[in-house]
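Keep in mind the model is a prediction, meaning the values are calculated, not measured. In what follows, chains are A, B, ... by sequence order, proteins preceding strands, each numbered from 1. All values below were derived from every heavy atom in this structure, side-chain atoms included, with hydrogens, water molecules and symmetry-related copies excluded.
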Protein chains: 2
Amino acid sequence: MQEHPNENKSPDIPDTDTLYNLSELFKVFGDATRIRIISALLDGEMCVFHLSEALGMGQSAISHQLRILRSAGLVKPRRSGKTVFYSLDDEHVKLIYDMGLAHIRHKNNEGGAL
Amino acid sequence: MQEHPNENKSPDIPDTDTLYNLSELFKVFGDATRIRIISALLDGEMCVFHLSEALGMGQSAISHQLRILRSAGLVKPRRSGKTVFYSLDDEHVKLIYDMGLAHIRHKNNEGGAL
DNA sequence: TCAACATATGAATATTTGTTCATATGAGAA
DNA sequence: TTCTCATATGAACAAATATTCATATGTTGA
């Protein structure tokens with residue numbers, strides 16, 4: 001036996017279909033506008049108009065991106081009168097977001113050392 | 001004042017530049033070929049030829065994608081004679097990958113319930 | 001040096017995708 | 001109902017991107 005950190009030699013390779021879905025999920029995170037929306041929603045729900053103001057983009061562009069985020073199950077809408085408030089659907093969203101940020105910062109900090 | 005659930009009003013919103021880099025990171029995960037490469041490398045290093053065989057794709061396509069993965073700091077090469085072995089650069093890669101899988105499975109399991 | 005092999009790279013092409021513009025849907029107020 | 005406001009949607013265009021083909025780089029062995 002070896003004392004390497006990763007003991008689980010699981011040939012747990014998901015099928016191609018699952019990996020495709022996984023790539024589709026990350027693709028949703030892989031756009032600057034959508035990430036900015038997610039980032040804005042970390043502090044709580046926000047309506048479409050407010051989002052478009054915060055990001056300095058047209059309402060239509062935001063709405064289109066919200067639809068993609070919604071289809072992916074990353075955000076969910078709440079209607080209140082004429083306005084629709086969006087919020088993160090799931091704690092996983094924040095976890096994935098934070099994990100990505102951690103990676104970036106990790107890479108930034110080793111930049112000078114290597 | 002209102003008593004909304006999210007009290008932590010942390011204006012910890014990263015600057016647009018950082019969020020752009022974050023989206024670029026997720027964009028790298030957001031391709032089926034690259035995710036399959038990452039998935040294959042979870043079990044250990046693999047050479048380019050073997051990877052192209054495992055994925056049933058041309059060597060050039062794999063090489064192109066490996067370059068993207070390498071630039072993003074997700075995989076690293078190790079040369080041994082003529083062959084180059086690739087492995088995951090960083091534990092974060094597996095963490096992000098696993099987090100994404102967890103999200104997908106989570107969503108699949110709530111599909112019937114909601 | 002030359003030949004054979006493994007990988008990397010560049011150009012070209014086809015597909016995907018984000019934004020804009022115009023318009024449609026839907027809710028509240030009069 | 002009709003007007004207005006907030007959001008959603010569809011079409012069109014521009015930009016980004018993955019794969020293929022051809023070729024270059026670099027290593028090993030003769």
Compare the ring of A:His64 with the six-membered ring in the base of C:dT19 and state whether they stack (centres under 5.5 Å, planes under 30°). no

Is there a donor on the side chain of B:Ser60 or the base of D:dC21 sitting less than 3.5 Å from an acceptor on the other? yes

When you measure from the side-chain N and O atoms of A:Lys27 to the phosphate of C:dT17, is any distance below 4.0 Å, counting only OP1 and OP2? yes

Of A:Ser63 and B:Arg79, whose closest DNA chain D nucleotide lies nearer the 5' terminus? A:Ser63

Measure up the B:Phe29 and A:Phe26 rings against each other and bin them: parallel (under 30°), tilted (30 to 60°), perpendicular (over 60°). tilted

Starting at CG of B:Leu69 and ending at P of C:dA8, how long is that distance when rounded to a whole Å? 12 Å

Could you tell me whether the side chain of B:Thr33 has a donor or acceptor atom within less than 3.5 Å of a complementary atom in the base of D:dT19? no

Grab the CZ-P distance between A:Phe85 and D:dA8 for me, whole Å please. 12 Å

Of all heavy-atom pairs between B:Ser80 and B:Phe85, which one has the smallest distance, and what is that distance? CB-CE1, 3.9 Å

What is the distance from CD1 of A:Ile37 to C1' of C:dT19, rounded to the nearest Å? 13 Å

Between NZ of B:Lys82 and P of D:dG29 the distance, given in whole Å, is 7 Å

OP1 or OP2 of D:dT7 under 4.0 Å from side-chain N/O of A:Arg67: no

Take atom CG of B:Asp31 and atom P of C:dT17, then tell me their distance rounded to the nearest Å. 10 Å

Would you call B:Glu24 and B:Lys27 a salt bridge, using N to O less than 4.0 angstrom? yes

Could you tell me whether A:Thr83 contacts a base, only the sugar-phosphate backbone, or nothing, with contacts defined as non-hydrogen atoms closer than 4.0 Å? sugar-phosphate

Just how far, in rounded Å, is C1' of D:dT17 from CD of B:Glu24? 12 Å

Using atom CD1 of B:Ile62 as one end and atom P of D:dA18 as the other, report the distance to the nearest whole Å. 13 Å

5' priority, DNA chain C, between B:Leu66 and A:Gln65 [closest heavy atom]: B:Leu66

To the nearest angstrom, the CZ-P distance between A:Arg78 and C:dG26 comes to 20 Å

Record whether the side chain of A:Gln59 comes under 3.5 Å of the base of D:dA8 through a donor-acceptor pair of N or O atoms. yes

B:Arg78 side chain reached by B:Ser87 side chain, heavy atoms, under 4.5 Å: no

Taking 4.0 Å as the cut-off, does a side-chain nitrogen or oxygen of B:Tyr86 come that near to OP1 or OP2 on C:dA6? no

Select base, sugar-phosphate, or nothing to describe what B:Ile68 touches, counting heavy atoms under 4.0 Å on all strands. sugar-phosphate

Classify the side-chain pair B:Thr18/B:Asp15 by whether it contains a donor and acceptor separated by less than 3.5 Å. yes

